[in-house]
Amino acid sequence: MSSERRKPYPFDQIEPKWQKIWDERQLFHAPNPGEKAFDSKKRKFYVLDMFPYPSGAGLHVGHPEGYTATDIIARYKRMRGFNVLHPMGWDAFGLPAEQYAIKSGQHPAITTRENVVKFKSQLKRIGFSYDWQREINTTDPGYFKWTQWIFLQIYNSWFNPATNNAEPIKTYRGKNPDEVRLAYVADVPVNWCPELGTVLANEEVVDGKSEVGGFPVVRRPMRQWMLRITAYAERLIDELEGLDWPDGIKLLQRNWIGRSEGAEIEFKIDNHDARIRVFTTRPDTLYGATYMVLAPEHSLVDQIVTEEQWPVVREYRERTARKSDLERTELAKEKTGVFTGAFAINPANEEKIPIWIADYVLLGYGTGAIQAVPAHDERDLEFARKFDLPIRQVVQPPGNEDPIGFVGDGVAINSPVIDGLESRDAIRKITEWLEKRGLGKRAINYKLRDWLFSRQRYWGEPFPVVWQDGKHRALDESELPVVPPPLEDYKPTGTGEPPLAKAKDWIRYSDKATRELNVMPQWAGSCWYYLRFCDPQNDKRFVGEDAERYWAAGNHPGTVDLYIGGTEHAVLHLLYARFWHKVLFDLGYLSKPEPFQRLVNQGIILGEDSQKMSKSRGNIVNPDDVIEQYGADAFRLYEMFMGPLEQMKPWSMRGVEGVSRFLARVWRLMMTENQAGEWELSSALKDVDLAKSQNKVLHATIKKVTEDIESLSFNTAISQMMIFVNAFTNAETIPVSAMRTFLVLLNPFAPHLSSELWAQLKPKGDVAEQPWPTYEENFLIEDEVEIVAQVNGKVRDRMYISILATTEEHEAAARSNVKISELIKGKKIRKVVVVPKKLVNIVLE
RNA sequence: GCUCACGUGGCGGAAUUGGCAGACGCGUACGGCUCAGGACCGUAUGGGGCAACCCGUGGAGGUUCGAGUCCUCUCGUGAGCACCA
């Protein structure tokens with residue numbers, strides 16, 4: 001039976017044995033500056049995984065994909081003489097643990113502890129070379145003390161537009177510092193999720209539903225903590241430039257931040273003192289503005305609406321407020337809105353235009369008000385047609401396109417100030433014209449909103465903030481950490497009041513002051529964990545200065561040299577972490593302006609049916625089962641052999657068998673089974689020189705594996721190692737020296753097998769401590785190369801030619817070739833193309 | 001709807017700057033070794049054709065002596081954004 005089947009090689013004994021040895025010897029510990037083992041001559045390399053959320057389900061085959069890639073890099077870099085920082089930890093605060101706790105009645109701290117034990121043992125079983133001395137957990141008070149400390153730095157600083165930097169709040173000269181702090185409290189319409197009993201960040205809402213759980217989310221005004229990430233919008237876009245990230249991720253971040261250039265224009269209101277500012281990217285269409293629209297929630301609505309329009313306006317506003325985001329987008333096709341009764345004056349032509357409210361204008365973007373130019377904006381056109389508003393063409397399209405609904409660039413018409421100008425020039429001219437008259441100015445707008453930073457939950461970092469007389473005040477550094485109170489009942493209250501409100505004693509900070517009841521979102525802990533890894537036990541500072549400088553060193557803006565993880569964090573974690581990092585950098589705590597220099601996204605692994613793995617489909621592959629049957633090395637190797645790291649690819653158990661067979665062949669290359677059924681060193685192993693062809697394949701393998709690891713092309717590196725093994729499989733004698741070199745190459749991929757075989761060959765030291773081999777180009781060069789002979793671009797024959805052959809000799813060889821001369825006999829030759837060492841192409845008339 | 005990425009055998013995938021398409025692995029077929037094998041070893045394996053040869057990288061054009069690779073259009077798949085003025 002299959003369970004009784006003999007193992008192709010004894011991985012079940014080898015693997016635990018070496019994992020134990022690595023642990024005991026602490027072989028993968030990276031010494032910090034100041035430690036005894038620290039060697040200042042070694043260069044550093046920081047290779048990081050996105051640390052997991054330790055869920056109850058345990059490790060998924062998707063996790064080890066990126067982890068194996070980083071482990072190969074880490075092991076490789078160590079052998080190249082680098083001091084390698086390769087840490088692992090747990091992002092353990094957050095909703096799932098709490099949701100589970102509510103269901104099971106078990107405290108999230110207990111669940112978290114159990115899950116961490118499980119995750120850690122699973123990771124150890126795969127043989128990853130993490131420096132476990134640096135393990136961190138975001139829910140440890142020793143860790144979140146510093147998360148809270150960073151919050152204090154953010155709270156106690158402001159963004160100075162003059163220096164384009166965050167600065168301590170004491171440098172602010174204005175009257176009310178609370179207006180400019182990078183952390184502030186605001187009454188804002190937020191994403192309220194009744195099911196989860198908390199508000200969510202925009203980034204956590206997908207299609208009007210919560211990202212966690214998929215529950216409906218509604219808009220509701222609430223008092224919340226916000227972080228002023230918008231202050232960094234420009235730098236977050238500009239400084240992407242110096243990073244080695246996939247173009248797609250850079251684009252995603254740029255789109256999310258959503259920079260657009262245009263102008264702000266001020267409209268007077270007829271018979272009213274108030275003015276309305278609008279943002280537009282097309283100030284050149286100002287003459288075509290035939291009406292205005294305010295967001296229903298716009299604060300001016302109350303002031304300008306006329307007596308007789310009040311009832312419809314009120315009714316419309318109430319209806320919009322009740323709509324969830326989902327409804328608002330679902331109903332997007334059908335425009336709605338009502339007239340306020342008020343009129344604005346178009347500053348360009350003094351024309352009176354009606355002011356409407358409609359929910360297609362969003363309060364959160366721009367100024368929450370627009371000039372509507374139906375002739376040259378799709379949405380305005382649709383609205384104008386529905387409500388019979390005038391449409392006036394002011395841009396002439398270049399071709400024969402229909403001018404109504406044309407949104408591209410053309411030539412301005414019906415616009416006295418800019419008539420005849422190309423759109424780009426018209427924009428410049430009209431903006432200057434408005435600026436001169438004090439009616440408007442050039443402006444840049446961002447889609448990015450400030451980060452909603454508070455959650456009405458239990459399982460998160462409490463804010464280091466107290467309230468007194470209705471005002472917030474930050475705690476002193478010395479009062480950290482603020483540990484959450486023990487609670488019997490941590491369920492959401494359902495009213496929007498945080499569960500911490502139930503801890504009556506804890507709330508009371510002093511006679512007059514009470515604690516902030518919200519907690520931070522899950523992202524807080526992961527915003528800076530890569531810094532803590534540099535110095536995880538430091539209790540004086542969030543990271544020691546020497547440690548930070550050492551691990552961040554390098555000739556580029558980023559701190560971590562290589563960061564591998566999933567695309568799902570393209571705009572969440574990766575944007576938030578950059579923001580925090582920049583604040584800390586501005587305040588002088590860090591030596592580099594960016595957290596992650598090189599970013600690589602591993603592709604999703606699909607089930608055997610090429611569908612996304614899911615419980616309901618029943619196509620989930622459990623890493624434990626694979627390791628049980630084929631061993632950790634086969635599991636690692638298969639994860640890398642499947643295909644390019646960044647590509648989405650389906651799992652295949654047959655494929656695992658394939659790499660497992662390869663590993664068994666490696667084993668049998670050096671080991672044979674004796675009469676008693678015990679494995680012993682093969683007698684074919686001899687201390688002999690390599691044959692020329694063997695030497696060539698060895699050096700080709702060193703070259704290919706080295707280059708492929710550098711470019712993260714692990715699948716082709718493995719192919720090359722298979723070619724190597726195939727070349728030696730039937731050799732009568734196996735040169736020991738070639739095997740030793742090969743085991744070093746194999747080590748990053750299959751560390752257990754290579755360690756065991758290395759030990760069997762009895763050389764000194766551990767294979768992981770060997771220097772990485774180098775190849776000699778000389779051994780790769782042949783005396784002759786095969787070239788292709790073509791006629792009219794079609795391959796007609798192949799032949800060997802000296803690598804020293806001249807162009808003329810190439811051509812002569814082709815002409816004298818039997819097949820070729822046959823084909824060109826009596827024909828006129830138009831041209832002969834020679835690519836040395838590659839081909840000769842004879843082109844006939 | 002907009003933006004981006006990707007389409008190569010029965011399957012996963014290889015292919016510096018445009019230069020032998022299909023490396024390596026899976027699967028399949030045949031053979032060997034075996035009491036046996038879903039083990040191991042070997043040979044073959046893009047399609048068509050007895051063959052010479054012809055066809056072939058989603059489809060249609062183009063540039064070039066030469067295109068999987070570059071350009072245009074088109075179809076399909078995946079991801080992201082989605083009233084952003």
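Side chains are part of it too, since the values below use all heavy atoms of this structure and drop only hydrogens, waters and symmetry mates. Residue numbering restarts at 1 for every chain, and letters A, B, ... go by the order of the sequence lines.
- Within 4.0 Å of A:S652, counting heavy atoms only, lies no atom of the nucleic acid at all.
- Phosphate contact (OP1/OP2 of B:U28, side-chain N/O of A:R654, threshold under 4.0 Å): absent.
- Base engagement by A:E786 is indicated by at least one non-hydrogen atom pair under 4.0 Å involving a base atom.
- Across every strand in view, B:G46 sits in a pair with B:C55 that passes the Watson-Crick or G-U test at under 3.5 angstrom.
- Position along RNA chain B of the nearest nucleotide to A:Q720 versus A:G793 favours A:Q720 as the more 5'-ward residue.
- Each of B:A23, B:G25, B:G19 was ranked by its minimum atom distance to the side chain of A:S719; first place goes to B:A23.
- At a threshold of 4.0 angstrom between heavy atoms, the contacts of A:K649 are confined to the sugar-phosphate backbone, with no base atom among them.
- Residue A:Q790 is classed as a base contact, given a heavy-atom separation below 4.0 Å to a base.
- At the heavy-atom level, A:R254 lies nowhere under 4.0 Å from the strands shown.
- At a threshold of 4.5 Å between non-hydrogen side-chain atoms, the residues A:F742 and A:V705 do not count as touching.
- Heavy atoms of A:G258 sit nowhere under 4.0 angstrom from any nucleic acid atom.
- We find that CG of A:D708 is positioned 12 Å from C1' of B:C24, with the value rounded to whole Å.
- Rounded to whole Å, atom P of B:A82 lies 11 Å from atom CG of A:L362.
- Looking at heavy-atom distances under 4.0 Å, A:D247 makes no contact with the nucleic acid at all.
- Heavy atoms of A:I370 sit under 4.0 angstrom from at least one base atom.
- Residue-level contact check: A:N255 touches neither bases nor backbone, having no heavy atom under 4.0 Å from any strand.
- The residue A:R796 sits close only to the backbone: its heavy atoms come under 4.0 Å of sugar-phosphate atoms, none of a base.
- On a pure distance criterion of 3.5 Å, no polar donor-acceptor pair joins the side chain of A:K838 and the base of B:C20.
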